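Below: the structure, in structure tokens.
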Amino acid sequence: MSLVHINIFLAFTVSLVGLLMYRSHLMSSLLCLEGMMLSLFVMATMTVLNTHFTLASMMPIILLVFAACEAALGLSLLVMVSNTYGVDHVQNLNLLQC
Amino acid sequence: MFSSLMLVSLLVLTLPIMSSIFNTHKNSTFPHHVKNTISYAFITSLIPTMMFIHSGQETIISNWHWMTMQTLKLSLSFKLDYFSMIFVPVALFVTWSIMEFSLWYMHSDPYITRFFKYLLTFLITMMILVTANNLFQLFIGWEGVGIMSFLLIGWWYGRTDANTAALQAILYNRIGDIGFIMAMAWFLFNTNTWDLQQIFMLDPNLTNLPLLGLLLAATGKSAQFGLHPWLPSAMEGPTPVSALLHSSTMVVAGVFLLIRFHPLMENNKTIQSLTLCLGAITTLFTAICALTQNDIKKIIAFSTSSQLGLMIVTIGINQPYLAFLHICTHAFFKAMLFMCSGSIIHSLNDEQDIRKMGGLFNAMPFTTTSLIIGSLALTGMPFLTGFYSKDLIIETANTSYTNAWALLMTLIATSLTAVYSTRIIFFALLGQPRFLPLTLINENNPFLINSIKRLLIGSIFAGFFISNNIYPTTVPEMTMPTYMKLTALAVTILGFTLALELSLMTHNLKLEHSTSVFKFSNLLGYYPTIMHRLPPLANLSMSQKSASLLLDSIWLENILPKSISQFQMKTSILISTQKGQIKLYFLSFLITLTLSMLLFNLHE
């Protein structure tokens, strides 16, 4: 596999590990989610451009749209937590109250 | 020639109205003018009637072509057939007597000229209704009598009850008018005309819908069960109004409509059964309600309603001519009963409660005589007026292939007629006086005496006179067992004796706590109590809710957003067993992923 591919895979894997293992702030998890999305986007765009698969050039853009929506959702959850507790420390999410 | 005489007679009626429009002089002889006009119209209309009886020839006068809408031609046409030729003199005679009576009754009213003008307008619209040959003209007359009824019931408009009663009359009549308009629309669609001749000639097959509409119209106008509360409430009007409108003429308009359509009704068994059952329910229910009323005019109003139910029953057993005969004979004695009650009311200084009357047998002999004769005619005493129509109806109902339950109801209602008539006589006339001693009881006015005298002679002889002079239409039942022939008489005598015995026995007893049957009868079967409160409240609140709350708060807020959030919250509380150790859960993701990648060599 070429170096570029390994580079992007590595970026994706680092973001994934960062998403699943974080210390206390929920915000860092969301940031890593964005990193994953970014690496996926770059990977998809490069593949489409290299293989001249023009018909699939919609795919990265749609991916971007959906990522924006999920980022908004994640941020709204963050805001809800922050409204209740003041900081977004994960150890606060232990009551599961609605 | 008799067609032009009939037109003259009808035209003569409109003269006083036109004179008061042009001259606008409200002098004191206008009421006398009106009374004389009606007597002239009556005499003029007798001639065509006698010619009709002699020759049996019906006439249709079609005068003025009003308009043509594509294929529908509307013109002013008068149908002078059996029904209208006999009804017009009867109605004019009764109205003449009532006009003379109201000269005495409304003597001290400052707007007596307006009163007579209203009564005359009512009479004209009633004549339009009766002589109409097409449904449009009939509808003009129909609405006209409704409007005049409203104006006359609310004559003393300062009284709240009178205004409520007038409004009630209009509302109930309107519901009936919906049926009338539906019938008119059906006839326009299916027979392309509003003329009665063409409808009967075409003889359409499936006539359920228009006949149902006409039945609804008759229910509204003739106060059958379901649309009946307006008639007792209409007693808020002056007594001449009650005598004219709500006993002789307006309330028979519904029955008259059904009689006009008898060629269509005799082919439709379903509608006949419906009519029969409706009439039977009405006659029994209103007779039960009449038993415990305390207002003399209300008892007579319920009596009218019961007799109207009897007329509808007669139509239901396919005897329109008998129903018509009963209309004509009923007009005489019912108007007279109302006039006698008016005489009693005025003499006792506007006292209408029968519990405060008594002992008038000696104080008002003439009124007593006419009241008793009127009651006897009402209950069908042999060879008085009511006998010729009522007894025939009961006989025909007994010997026809009809609904036994309806027949039983009618027989019970006949005996109840005798019961409440006895009650009126007992409380108002017999016994010791229960009113204040210093009332001036006077019945010496010639207007009063003459008008009641005319109707008295009519109540005694009119039945004999009319039934011997009309040509035979349907064959009456000739042979029947003796017990069947005597049924009506037997139940009436039973009612009389029962009522007299009970009244004499309980006359000096204290009234205990009312039983539930008494309350049912006194409060008119709870029908007004329920129907005047519950459905309007439900309708108005439903419409308010749907108009203001439906779109905004339900569709935009509640259906999707709030319901989803509620649902999610409830189910998540219900099914979650977690403790919120998020970092541990994420770590388990990672371990699973790594393990799967290492074990299965996915990238190879």
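Atom set for the values below is all heavy atoms of this structure, side chains included, hydrogens, waters and symmetry mates excluded. Order of the sequence lines sets the chain letters (A, B, ...), proteins ahead of strands, with each chain counted from 1. In this text the structure is predicted, and so the values were computed from the model without any measurement.
No side-chain heavy atom of B:Leu587 sits less than 4.5 Å from a side-chain heavy atom of A:Leu20.
For B:Phe586 against A:Leu19, the heavy-atom pair with the smallest separation is CD1-O, 3.7 Å.
Environment of CE in A:Met80: sparse, with no more than 12 heavy atoms of neighbouring residues, nucleotides or ligands closer than 6.0 Å. Atom CE of A:Met43 has more than 12 heavy atoms from other residues, nucleotides or ligands within 6.0 Å. Applying the 6.0 Å contact sphere to CZ of A:Phe53 captures no more than 12 heavy atoms from other residues, nucleotides or ligands. Heavy-atom contacts from other residues, nucleotides or ligands closer than 6.0 Å to CG of A:Asn83 number more than 12.
The backbone N or O of A:Arg23 lies less than 3.5 Å from a partner atom in the side chain of B:Lys583, making a donor-acceptor pair.
A:Thr13 does not touch chain B: none of its heavy atoms, backbone or side chain, sits under 4.5 Å away.
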